[in-house]
Structures are given as C-alpha cells and as structure tokens.
Amino acid sequence: MSALIEPALAERVLSRALANGGEFAEVFAERNAGLTMAIDESRIESVQSGASAGAGVRVLSGGTTYFAHVDGLDPDDVGRAADEAAAALHAAQAEPRPLRAVASTPHAIEQRPSEVPAERKAELLRDLDERGRAAGSEIAQFTASYAEVRREVTVANSDGLFAGDDRTRVRIGAQAVARRGDSVETGSETLGGHRGFELFGDDPGRIAAGAARKALILLDAGPAPAGSMPVVVGGGFGGVLFHEMTGHGLEADHVQKDASVYAGKLGTQVAPSLLSAYDDGRMPGEWGSDSIDDEGTPTQQTMVIEEGRLVSFLYDRLTARRDGVGSTGNGRRESFRHLPVPRMTNTYIAPGEAEPEAMIAEVSHGFYAASFAGGQVDPATGDFVFGVSEGYLIEDGRVTRPCRGATLVGNCLEALAAIDAVGNDFEMKTGVCGKAGQKVPVGTGQGHVRIQAMTVGGTEV
Amino acid sequence: MIELARRAVEGTLASGAGDAEAYASEDAGREVRVHGGEVESLTAATKRGIGIRAWIGCRVGYAYGTDLSAAGIAELASRAAEAARIADEDEFAGPPELPVRLFRDMTGKGAPEGEEALELSDPSLAATPTAEIAELTLEIERAALGADARIAGVEQAVYADSAERVAIVSSTGIEGEYERTDCYGYVQALAEGDGGRETGLGFDLARNPAALDPTAIGREAATRATAMIGAGKPASRGCPVVLDPTVAASFVGLIGRGLGADAVQRGRSPFAGLLGTAVAAKALVIHDDGLDPTGSASSPFDGEGVPRRRNALIEGGKLRTYLYDAYTARRDGAASTGSAGRAGYRSQPAVSASNLIVAPGASGFEELLREAGEGVLVTDVAGLHSGVNPVTGAFSVGASGRAIRAGEAAEPLREFTIAGDLVSMLRAVRAAGSRPRWVPFGGSVSTPPLLIGEMTVAGS
C-alpha cells in the first residue's frame, strides 16, 4: 500500500496548518474509484464510473475545529486546504511532531472488482433478474443494482501519526414488485461486504429470490394492527432496532452535549441482564469494517452493554480527549469533504439463550417484525420509529397472516428495558447510516429479540 | 467552466461516442457549527468536478471525476464511453432534442424577450466575512436559549452557504451556464420539564445571510420544543388531521416523486394510469416551478440543459401532467417538462421535481383547527424513508404534535403513527391554509398547513 501523500509533504502541510497556532492538526487524503450499474426492465442501464481525490485539513484550537477541504491531491491543492484551515487563527506558529508510520493491514481482498471484466458484473445482474422473475408469475417488476468502490486513505497528524488504509467494498441489491389485481407489493434484499468480487461466489441469486418472496408474501397481507402489544423482532436486519434505539445514543458527541438519553448512565443497568452488545469495526469482511478509522486509530471490538449494564460509549479522538479516555476507533467520515464524528461500525446484540420458536410460542397476541425497511431516532428524547418491511400477526403462539404497512414507535430506554428474550440465532446485515449529513456503511446484527410491549402503528384500529 | 465542458464533449466524441454531454460545476461553501456559545467548527469547502454522459447508438453511460487536467479529462471521456458500451440498448436513450432555448449568458440572465430574467445569485453572500456568519450562528443559538426558561440547551446551531457555478454543454448544441447562491440556518433546541426532555427544530433559508432571521429561527426551535413538554399518546382512531407546513412538505415531496414519469412508466408509482383523472380534492393545487426566484431548486435550465418552466401538476382536482426529462418524454411521446434533476456532477440526470408549490387557500391556521373540530395536529414526522411504500403510496410514519379539541390546539402528543395512502390522502384534503412557507425537507417545497378530513392515528 502506497501513501497518497508522502510523509515529507504531510509534515509541510501540518506545519502550514499550524502556522497561526492550534493544539492539533490533521491532514486526511483520499482517492476513490467506483463503478455502479443496474438492471431494470431486464436491461443493463445506469452504468456509472466515478473517480475522485481530495484532502481535508483540520486544526483544533480551544474548543473550535477549523476545517477546509479541496478536490485534488496536488501539493498545491493540499497546501491551499492547510492555509484555509489556518486562516481564521491568529496565534504563533505551533510545531507538529515528526511523523512515525503506524502499521496497519488492510482487509484482504481476493478478487479486486476493478480487475473483473464489466461483462461479468452485467451477467451477475442478469442472473439476479432471471432468478427474481422466475420466483412467480405475479412478479411484475424486478430491479437489481451492483456497486463497487475502492477507497484509499492516508491520514497524518501533528501528534506524529501517519497511517493508511485501502478499502474495497462491493454490494448488490434486489427489489421485486409483485402484482395481483389492484394489490401491489414490494420486497428487497441486499448483500454486501468489505470484500472483493469473491463475495458473490456463493449463490448471490438468493437475494433476488428473497426479495421476490417478500413481495409475494405481502400480496396475501392484511392491514397491520394498531396499538400496544408484544413484538418479536427478527434476526439480521432486525439489528437496526438496536442501532437506532441504543447505538446512536452511545455516540459520545450526543452524550457530551447531554443530547442522549444514555448521558450519565455509564455503569448503570439500562437493559435486562440477558442482553450484551458490541460495536466491532474489525469483523473480517463485514460491511462496516475498516482496518483503521478515518483518524488513523485502529478499529476495535468495544463492548457497550455487558449483561444489561452500560459499559462504554463510542469515541472519536475529539470526544475521547474531552472525556479523558482513548478513542474507540469510531472516528468516521463519509469522505475527505467531511469532519470525522463518532459513528458505529458493525453493531450487534450478542446471541442469547432463547429458542426463536419458543419466543413466539409464548405470545398469545402480538406482532412479528421479521425485517425492517429502516428506522430513525432522536437521541435526545430517545423517541424512535421503524418501518416494517416484512411483518406478521402472532396469534395463540403462532405466526399467522402477513401485515402490510406497519411501523413500530417507542422510546429507547423503555423498549430496551422491556426486552425479555434474546434468541440463540445470529445474523449480520448491511446498512447505510446517515448522521450530520454524512452517510457511512454500517453492519447491524442480532438474533431474534422479543419486547414485551411496543406501539405498532397500522391501520386496523 | 464552459470551456472545460466543451473540451470534455470533444474528448468524449473522440473516444467513439456518437453524442456527448458534459456538466461541470464549481462550488465554494462555508459551514459554521455552534454549541454552548462557542464555535464548534468552521469549514471552508471548495468543490469542482465534471460529469459526462456518452451515447453510443442507443446505449448511454456516465462517468465523473475531479481531475480536470487535460489527461484527466481524456481519461474521464474514455471511461464514459466505456460505461456506454456496457449498457444494453434502449431505443429511447439520447440527448435532449433541439430546439431548446440557449443560455449563453454567464449568469443565466439572458432570458428571451418578454420573460423576466432569473436572478439566483447574490454577491453579498460571498462578500460576508466569516466572522459575521459565525456571529449570526451564535445569535441563532442565543435566541433559542433565551426564548423560554424551559430551554435546557441546544444540540447544535448551524449556518451553511454555497456559491455555485454550473455549466452544461452537449454535442447537440446545448450550451448554458448559471450561478446560484444559497444559505440556511437551523437550530435544534432541547426543552426540559415534566420529568422529560423534548427537541424542537427551527430553520430558515435564503440567497444571502442578511436575509436570515436568527431570532425567528431560535424562537421557532424553542416554541416547538417547549410545546412538546408533558406529551402523551393519543387514542388509536380515525380522525381529522392538520399537517403543519413542515409535515405537509414531506408528503408533497413524496407526491412529487410519485409524479416522476420514470416511476410511472416502470409501473412503480401510485399515480400510474391516473393522468387526467380526479386524484385530489379541489382544495389542493400543486405546481412544479423551477423558475421561482425564491425557490432553492430554481435554475434557468435543468440537469440536461432543457429550460425550466412552471408545470401545473394537480389542479381542479385532476392530475394534469407527469414530470418528464428527455428520456421519459421520448418514451411517452411527450415533451420534456424541464425536470431532469441533478445532485451535482457526481450524479447523472434523473427525473425529479424542482420547487413544488402548494397554492395557499383562504383559511387561517386557527380556522383550520376549528374546521377539524376533534382531531390531531401533526407538527413532526419521522421515519419517512422507511415507512412509505413508493410503489403503492401506502404509508405509516411516526408522528408528534398536539390534540385538537373543540377546534383548538390542546395537549401535546408523541409516539404515535399516522397511516394511510397518498392518493386517499389527496382526496381527503379539506382545506389549505392561507400562509405558505418554504421547507427544505423532501426536496424544495412551499406549502401552507393542510387539513385532511380523516387519517388513521395509532397511539395507545
């Protein structure tokens, strides 16, 4: 792996960034190249090839971050960013420490997507299309997408850190539309990872079949119930529940602004003792993994909830310094155009002991949320909302008819405390998380989880 | 910029493309984030790049990049042509057809005779010193903190601006360039009381920072946050619902998306097959207007160089037109409505609304509440990206607001959902309020509050 900017240039840039003072300076350089394409109406379209490069320079002084970013990686471009970041400061030159390289090993990529002929990627999409359309005569529409991106980063700072990473991600998605008379329903699935094209070696067509299956099931769906009832959440993308409900509230920037319901709760019991949870940016090949975060800190596994007790927040450098702790390797940024902020990587609830079937058998009247379309939370109040993409009624201990258009709403602390069973199954799924106008790839995971009471928002009152 | 775009078009034709289009943009922007009376971060951003569409026969491909050197552009041109070769043939693919009105003037002010010039750029934005916009942001925070004793803090106060220059050139003779400035400020306030905490958002947008009202932004956030103190859940039922402008805008944005001809032609819109039919109550009139001088999505021409215009979408209760770009227009045998949207040089053009404008009605806000009688006022919705089925228009989203009792706003409500489907909702609109407002959620939307005759509310 070669650095995008050489140490000698990085040192000059850091020195320029500190020309008017400041306690800390950092230069983050990035080069990325990607290819996306889609199949729609059984035609390959929207073929897009993108490449960009640029740098962001930040200087910390007092409580303020001065940040500038430029497109381009010429020494002139990077130097201009340093001058702009320093422009609003008026103190004397501060001296950066000499750089020393931090060794990091990028995640192994077996088959570089850029070396795979484009026609094979088109073939992959054609296979998905065929699989999805073959799932049933009621599949009226099918679309699939392919995306690959390689993101090389180099980061250097005035504390002497010099580190880099080389990240390759691939992802495919499938969306099916099923139609029967006037009923129209959709289903979708994705598969992605911090991996090369080898990720698609093992039956990628299953996501097409899965998307079609969801859409077909919903054709038989009735209205979702409305009201408060026990809810069993499915494994895999069900983990978005924990991501929204707890993960965001553990990001230290929210906590330090007292804009998190978890502020002041470190060391206290926030969930029943059957629940333990982690954020882990090291998981091999996972969508939310990197070898270092975007500040050069090696990623790590962080236990956030230990048997119901809140044991750690998620930190970047800045928030860690404020709390007098070390960064947990969660300083992430969408690109060189963004400032790093504490972000989740792969967040999951550790497997418990309950059998998923038994968790459902114990519910007389409730709701089974097998999969979500997404969710949103206000970390300050803890209020959250989830859209259910695949949901069923639970009647007399059995999963019965599918429901369309259900939403789960609630409050984090109440819902977390109301978890009364965690399944012994486990699955990870991929997502794209938005915060402060920045989108980053995240993994979510869990087995089945049951919440004693939650508001289901449907149309059947 | 335009010279660069011309060179990119030439390079793409030299790479074997039959037709080519280049979109170049350059953007200088600033952002200030404030917390606790201090500037938390100050960002200076410059962005520049170019995106190329290449057509080879009936195949189209796209490439973008930031390397604007001669070698960089040559490489980009060949990547665009290569992308086109991967795509399958599509008989409707091709650049917009002439004649289109040309904008050779640097700022897009060269309007044809009889039409008003479109002024979207305010030079005072870039001339405003950074210290002044920092002070403006601090003032927004102070206004929120000082508005009410129950305001416990502010999550963040933010100001951001951008001065953008866009040029587009195509091998079919389109050449245009314009400049636009935009800025906005917002603050998220935290209120405490009754053992709980609440958040509220205040915001404003304009072409220059002097036009932003920091006091109003701060007050709005404080009012919204304190209004929610002590909120409970409503009983689950069907009832009249009043949507405040921020919430109405989110729904109007969804409607705009459903009216895009691409979604309609591919059978993925709840409005497919409804052209010319009654889809809404007469009280609801919606236009798409890319030439409104105050709209943040305005421009003299769209993302592929076709002049923007004002399109009546829903009027007299009927669906008047879908939104078309060149591709979807050719496919329907229609004319482009100037609706090729573009999120920047990194995105290829796709059908999208420009500014969506809901015509104001006669009723004041209090009258709307009176007319609702017993119901719910919704002041915030969450989970729109996951709670709406764009194909069917069915939705179920998280909401908060106030109860409406005897025609007046009563106790605050939270943690409930509103559910229904878009077309039924359009038909159930009983009245539009008299005071519209620009809202940047769900696109660029100007809308008054709306009274919906009945929606399903799910709470306790």
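Chain A is the first sequence line, chain B the second, and so forth, proteins listed ahead of strands; every chain is numbered from 1. Basis for what follows: all heavy atoms, side chains included, without hydrogens, waters or symmetry-related copies.
Residue A:R58 does not touch chain B at all, counting heavy-atom pairs closer than 4.5 Å. For chain B, the nearby part of A:V456 is the backbone; its heavy atoms alone come within less than 4.5 Å. For A:D182, no part sits under 4.5 Å from any heavy atom of chain B, backbone or side chain. When heavy atoms are compared at a cutoff of 4.5 Å, B:E26 does not approach chain A at all. Of the two parts of A:A87, neither the backbone nor the side chain holds a non-hydrogen atom closer than 4.5 Å to a non-hydrogen atom of chain B. Residue A:D253: no heavy atom, backbone or side chain, is found under 4.5 Å from chain B. Only the backbone of B:V397 comes within contact range of chain A, with heavy atoms under 4.5 Å apart. The contact between A:V184 and chain B is made by backbone and side chain atoms together, counting heavy-atom distances below 4.5 Å. In this structure, the portions of A:S46 lying under 4.5 Å from any heavy atom of chain B include both its backbone and its side chain.
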- Query: side chain to side chain contact (heavy atoms under 4.5 Å, CB included) between A:T455 and B:T417: does it pass, once the steps are laid out?
  - Reply: CA-CA 9 Å; A:T455 301; B:T417 64; 5.6 Å; no
- Message: side chain to side chain contact (heavy atoms under 4.5 Å, CB included) for B:T46 and A:R80? Distances and angles first, verdict last.
- Response: CA-CA 10 Å; B:T46 54; A:R80 190 158 45 90; 3.7 Å; yes
- Message: Under the criterion side chain to side chain contact (heavy atoms under 4.5 Å, CB included), I'd like the reasoning laid out for A:E185 against B:N389: C-alpha separation, chi angles, the key distance, then a yes or no.
- Response: CA-CA 8 Å; A:E185 297 296 343; B:N389 182 332; 4.0 Å; yes
- Evaluation steps, side chain to side chain contact (heavy atoms under 4.5 Å, CB included), between B:R197 and A:D258: CA-CA 11 Å; B:R197 55 186 357 206; A:D258 201 19; 3.8 Å; yes
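No side-chain heavy atom of B:E31 sits less than 4.5 Å from a side-chain heavy atom of A:L339. The shortest side-chain heavy-atom distance between A:R404 and B:T392 does not fall under the 4.5 Å cut-off. Here the side chains of A:K257 and B:Q188 are not in contact, with every heavy-atom distance at 4.5 Å or above.
Pairing each heavy atom of A:A51 with each of B:R79, the nearest pair is CB-NH2, 3.4 Å. Nearest heavy atom pair, residue A:A380 against residue B:E155, reads CB-OE2, 3.5 Å. When all heavy atoms of B:I86 and A:M37 are compared, the closest pair comes out as CG2-CE, 4.0 Å. Shortest non-hydrogen contact noted between A:D71 and B:Y345 is OD2-OH, 3.4 Å. Minimum interatomic distance between A:H69 and B:A45 (heavy atoms only, all atoms of both residues): NE2-CB, 2.9 Å. Shortest non-hydrogen contact noted between A:A226 and B:A458 is CB-CB, 3.7 Å.
In this structure, the side chain of B:T66 does not engage the main chain of A:G72 through any donor-acceptor pair within 3.5 Å. Of the possible donor and acceptor atoms, none in the side chain of A:T407 sits under 3.5 Å from a partner among the backbone N and O of B:G398. Looking only at distances, no side-chain donor or acceptor of A:S49 sits under 3.5 Å from a matching main-chain atom of B:A83. A:E41 contributes no side-chain N or O that, together with a main-chain N or O of B:R266, makes up a donor-acceptor pair within less than 3.5 Å. With A:Q48 contributing its side chain and B:R346 its backbone, the two residues share a donor-acceptor pair below 3.5 Å.
Comparing A:A88, A:G62, A:G50, A:A122 by heavy-atom pairs within less than 4.5 Å of chain B, the highest count is held by A:G50. Ranking A:E45, A:R337, A:E119, A:E84 against chain B, the residue ahead of the rest is A:R337, based on heavy-atom pairs under 4.5 Å. Ranked by heavy-atom pairs shorter than 4.5 Å toward chain A, the options B:R268, B:E198, B:E38, B:R30 are led by B:R268. Heavy-atom pairs under 4.5 Å with chain B peak, among A:S228, A:G56, A:A53, A:A33, at A:A53. Looking only at heavy-atom pairs under 4.5 Å with chain B, the residue among A:T143, A:V388, A:V47, A:V177 that has the most is A:V47. Looking only at heavy-atom pairs under 4.5 Å with chain B, the residue among A:V70, A:D383, A:L408, A:V377 that has the most is A:D383. The choice from A:N411, A:T186, A:D40 that makes the most heavy-atom pairs within less than 4.5 Å of chain B is A:D40. Among B:D67, B:V39, B:T130, the residue with the largest count of heavy-atom pairs under 4.5 Å with chain A is B:V39. Counting heavy-atom pairs closer than 4.5 Å to chain A, the top residue among B:R414, B:R85, B:E89 is B:R414. Each of B:R53, B:Q156, B:M228, B:R33 has some count of heavy-atom pairs under 4.5 Å with chain A, and the biggest count is that of B:Q156.
A salt bridge between B:D88 and A:R126 is present, with a side-chain N of the basic residue lying under 4.0 Å from a carboxylate O of the acidic one.
Between the OG1 atom in A:T381 and the CD atom in B:E415 there is a gap of 8.5 Å [rounded to 0.5 Å]. To the nearest 0.5 angstrom, A:R43 atom CZ is 11.5 Å from B:R59 atom CZ.
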